[in-house]
**Q** 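Dropping the structure in here first, questions after.
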Amino acid sequence: MEFAKEYNLDVFLLDGARDWLTEGDMNNAINVINEANELNKILDYKLKGVSLDIEFYLTDEYQEAANEDNVDKELLLFKQFTENTKKCCDYAESLGLKYSMALPVWLDKLSEEVLEDLMNYNYDHIAFMNYFKETIMENMDQEVEIAKKHNIKIVSIAEVQDPKFGTVGEEDTFYNEGLEKCINTLNAIKQKYNYKNLGISYHYYKPLLPLLERDTDVGIENVYELQIFPYINETNIMVDKAQISENGNKFEPIYINNSELNKNTVIFYGLEYGKQYELKIESGNYSITKTFTYQKGDDIFNELEIAYIDIMLEETKPSEDKPSKDTQVTDSPSKEDSSKKDKEGESILEKNKTSEEEILPDKLPQTGDTNLPRIILVTVIVLTTIVDGILIYKMHKITI
C-alpha cells in the first residue's frame, strides 16, 4: 500500500469463485466486500474498492447447459449473474467502495441485450479479457459500442503468460512475440476505437515482469511477500501485534481473518531477498521473536514470490529472556515432503534442525490456485493499465 500511495495508484481487493453469483453462495461475495470495508478502517491509504472475478460460464451448471445446447438455461444463468452483480455493486457503494469485474469478450454472442443490461450500471470499470489474438482488433466492437452509449469505463486486457506452462495457448498470448508487439497491438486498439474511457492492460502483473526484464531496461524490484499463520498450542489464532524490523526499518502487516477457511493470517509485503529480518509476534501472554533470512530461488518464477510460515507462539515468562534463533534458507526438501508433492500437487518443505540453527528451503514449487486468504489487487497504471485476473503464485512454506 505504501507503493500505491507513493504513486497514487488505485487498489482493489480481488477475489472470486465461478459459482458465487449463480449456483453458489452469494454471501461469499458480500464477505469480500465486508473485508475491504474492514481493511479501510485500519489502512492509511484506502482501498478504492473490490474486484470480483466470477466466471459464471465455467460452472458445472453452465457447462452442462452449453454441452446440451440449452441456450435458455445459459441465458437464465447470465441474467442471474447480472442481477446479483448489481446487488454486489449496490452493497459495495453503500460502504463507500467501488466495484469492478472482468468479463470475456464473447457475451454479446449470447445476448447483446443482457450484456448491455449488465454493463450499464454504476461500476468503477469493467475489464474485458481480450485474449484471442487472431481477432483481437474486433473482439470488443460490441462492448465499446455499449460503453460509448452509456459512458462506461472499460479495459482491454492482453494475455502475456508464458504458454509453456499450459495455462494459455500460443494463439492467446504475446509472450513469445514480445512486449513491443503487445504494446503496439494495445495502442492500435485504442486508436481504432478512439474512446477516452478505454484503457489497456495485461494479464497479469507477475508474468509481465519477465517480459519487462527480457524486452526492456526497466528494473524490477527484488521483493517478496511473507504470509504467517500463527498458532498457540496448535490452534490458529489472530494475534494482537506483529512487526518485522531490519536496520531500523519497520514493516507493519495486514491482519486477515478468513472465516470461510477458518484461517488467521498475518501478511507482510516488500521484503527483500538476502536481508536478515527480526520478526516479533505478541498475543496475550504468548509471544515469539525470531530472525530469518530468505534467499531467492533459481527457479523460473523468481520475482514476487510468496513465502509462508506456520509459527508457534510460546508462553511468556517474565523471568526468562529466551534468545531468538537465526534462520538461513537452503535447498533440501525431505523424502516425506517429496511424497506430499506427488500426492497433493504442491510441496511443503521440511524444517531441518541443528542444535544452533534452523535450515529453511529456498525454492518455491509451482501451484495453480493458491487458495490464499485474500489477494490485494494493485491497479498499476502502466499505459493506463489495470491489472486483472486470477493471480497464479508459487508458494514456499518455511517454518521458523
Side-chain angles (χ1 to χ4, degrees), residues 3-14 16 47-55 85 89 92-93 97-108 115-116 118-133 135-161 172-175 179-209 211-212 215-216 218 375-391:
F3 178 87
K5 181 180 181 179
E6 182 179 354
Y7 292 96
N8 194 29
L9 303 177
D10 294 335
V11 183
F12 287 75
L13 185 69
L14 170 69
L47 296 165
K48 184 175 183 181
V50 295
S51 181
L52 293 187
D53 185 29
I54 299 173
E55 302 181 48
T85 296
C89 181
E93 188 163 90
L97 295 164
K98 291 295 185 180
Y99 188 95
S100 71
M101 61 181 158
L103 298 174
V105 291
W106 53 262
L107 288 176
D108 58 301
L115 175 61
E116 183 168 0
L118 171 62
M119 289 180 61
N120 185 24
Y121 212 65
N122 191 32
Y123 313 118
D124 182 78
H125 65 273
I126 303 172
F128 285 96
M129 298 175 279
N130 191 6
Y131 298 159
F132 189 55
K133 291 186 298 184
T135 55
I136 195 169
M137 296 299 298
E138 294 81 39
N139 289 339
M140 291 184 59
D141 286 353
Q142 187 63 30
E143 289 77 6
V144 173
E145 183 180 331
I146 295 172
K148 286 182 175 180
K149 179 179 176 181
H150 300 287
N151 196 31
I152 301 165
K153 284 194 240 180
I154 59 173
V155 179
S156 177
I157 314 172
E159 180 65 79
V160 295
Q161 293 185 75
D172 299 314
T173 180
F174 284 93
Y175 184 87
L179 193 55
E180 183 177 2
K181 172 69 173 177
C182 180
I183 292 173
N184 288 340
T185 302
L186 289 171
N187 284 333
I189 290 173
K190 285 182 67 69
Q191 291 170 9
K192 172 189 174 181
Y193 293 117
N194 191 28
Y195 177 46
K196 66 178 181 179
N197 285 328
L198 171 63
I200 55 177
S201 179
Y202 309 89
H203 183 237
Y204 49 94
Y205 183 51
K206 186 169 184 179
L208 181 61
L209 295 176
L211 279 180
L212 286 169
D215 298 349
T216 76
V218 176
I375 302 175
I376 291 185
L377 172 68
V378 180
T379 311
V380 183
I381 307 301
V382 181
L383 295 173
T384 61
T385 297
I386 300 176
V387 177
D388 178 77
I390 301 174
L391 304 184

**Q** Considering non-hydrogen atoms only, spot the tightest contact between Thr185 and Met137 and give its length.
**A** O-SD, 4.2 Å

**Q** Going through the distances and angles, do Tyr175 and Val160 end up as a side-chain contact (heavy atoms from CB on, under 4.5 Å)?
**A** CA-CA 5 Å; Tyr175 184 87; Val160 295; 5.6 Å; no

**Q** What pairs with Asn139 under side-chain hydrogen bond (donor to acceptor under 3.5 Å, both in side chains), at least two apart in sequence or on another chain?
**A**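 Per chain and number, Asn139 pairs via side-chain hydrogen bond (donor to acceptor under 3.5 Å, both in side chains) with Asn130, Thr135.
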
**Q** Return the CD to CD1 distance between Glu143 and Ile146, rounded to the nearest 0.5 Å.
**A** 6.5 Å

**Q** Would you say that more than 12 heavy atoms from the other residues, nucleotides or ligands in this model lie under 6.0 Å from the CD of Glu138, or not?
**A**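 Yes, enclosed.
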
**Q** So Val155 and Ile126, do their side chains get closer than 4.5 Å, heavy atoms only?
**A** no

**Q** Under the rule for side-chain hydrogen bond (donor to acceptor under 3.5 Å, both in side chains), what residues qualify as partners of Asn151, not counting sequence neighbours?
**A**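 Checked Asn151 against side-chain hydrogen bond (donor to acceptor under 3.5 Å, both in side chains); matches are Asn197.
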
**Q** Between Ile54 and Gly16, which heavy-atom pair has the shortest distance, and what is it?
**A**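 In this case the closest contact between Ile54 and Gly16 is CG1-CA, 4.2 Å.
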
**Q** Under a 4.5 Å cut-off applied to non-hydrogen side-chain atoms, are Ile189 and Leu198 in contact?
**A** yes

**Q** Quick check for you: to the nearest 0.5 Å, what is the distance between Leu209 atom CG and Tyr204 atom OH?
**A** 10.0 Å

**Q** Nearest heavy-atom pair of Glu159 and Asp172: which atoms, and what distance?
**A** CB-O, 3.4 Å

**Q** First locate atom CD1 of Ile183, then atom OG1 of Thr216, and finally report the distance between them rounded to the nearest 0.5 Å.
**A**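 Answer for the CD1-OG1 pair, Ile183 versus Thr216, is 8.0 Å.
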
**Q** Going by the rule side chain to side chain contact (heavy atoms under 4.5 Å, CB included), which residues pair with Lys48 if we only count those two or more places apart in sequence or in a different chain?
**A** Asp10, Phe12, Lys98, Asp124

**Q** Can you tell me how far the CE atom of Met101 sits from the SG atom of Cys89, to the nearest 0.5 Å?
**A**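 Interatomic distance, Met101 CE to Cys89 SG, rounded to 0.5 Å: 8.0 Å.
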
**Q** Please identify each residue that fulfils side-chain hydrogen bond (donor to acceptor under 3.5 Å, both in side chains) with Gln142, with sequence neighbours left out.
**A** Glu112

**Q** Check side chain to side chain contact (heavy atoms under 4.5 Å, CB included) between Lys149 and all other residues, then give those that pass, not counting sequence neighbours.
**A**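 Only Glu116 meet the side chain to side chain contact (heavy atoms under 4.5 Å, CB included) criterion with Lys149.
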
**Q** Should Gln161 and His203 count as side-chain neighbours, where that means a heavy-atom distance under 4.5 Å?
**A**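 A side-chain contact under 4.5 Å exists here.
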
**Q** Got a sec, which residues hit salt bridge (charged side-chain N to carboxylate O under 4.0 Å, His left out) with Lys5, two or more places apart in sequence or on another chain?
**A** Asp44

**Q** If the condition is side chain to side chain contact (heavy atoms under 4.5 Å, CB included), which residues does Pro104 pass it with, not counting sequence neighbours?
**A**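 Pro104: side chain to side chain contact (heavy atoms under 4.5 Å, CB included) contacts with Tyr57, Trp106, Leu107, Met129.
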
**Q** Kindly indicate whether the side chain of Leu52, heavy atoms from C-beta on, has any atom under 4.5 Å from the side chain of Leu14.
**A**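 No, their side chains stay 4.5 Å or more apart.
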
**Q** Please identify each residue that fulfils ring pair (Phe, Tyr, Trp, His ring centres under 6.0 Å) with Tyr121, with sequence neighbours left out.
**A** Tyr123

**Q** Can you tell if the side chain of Glu93 reaches within under 4.5 Å of the side chain of Leu97, non-hydrogen atoms only?
**A**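 Contact flag for Glu93/Leu97 side chains = no.
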
**Q** Measuring from atom NZ of Lys190 to atom NZ of Lys196, what distance do you get when rounded to the nearest 0.5 angstrom?
**A**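 These two atoms lie 12.5 Å from each other.
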
**Q** Mind checking what makes side-chain hydrogen bond (donor to acceptor under 3.5 Å, both in side chains) contact with Tyr193, not counting sequence neighbours?
**A** Asp141

**Q** How long is the span from the CD1 atom in Ile157 to the OH atom in Tyr202, to the nearest 0.5 Å?
**A**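 Ile157 CD1 to Tyr202 OH: 12.0 Å, rounded to 0.5 Å.
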
**Q** Looking at Ile200, is its backbone amide N or carbonyl O close enough to the side chain of Ser156 to form a donor-acceptor pair, meaning the two atoms are under 3.5 Å apart?
**A**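 No; zero donor-acceptor contacts below 3.5 Å.
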
**Q** Under the side chain to side chain contact (heavy atoms under 4.5 Å, CB included) test, which residues partner Ala158, sequence neighbours left out?
**A** Phe174, Cys182, Leu186

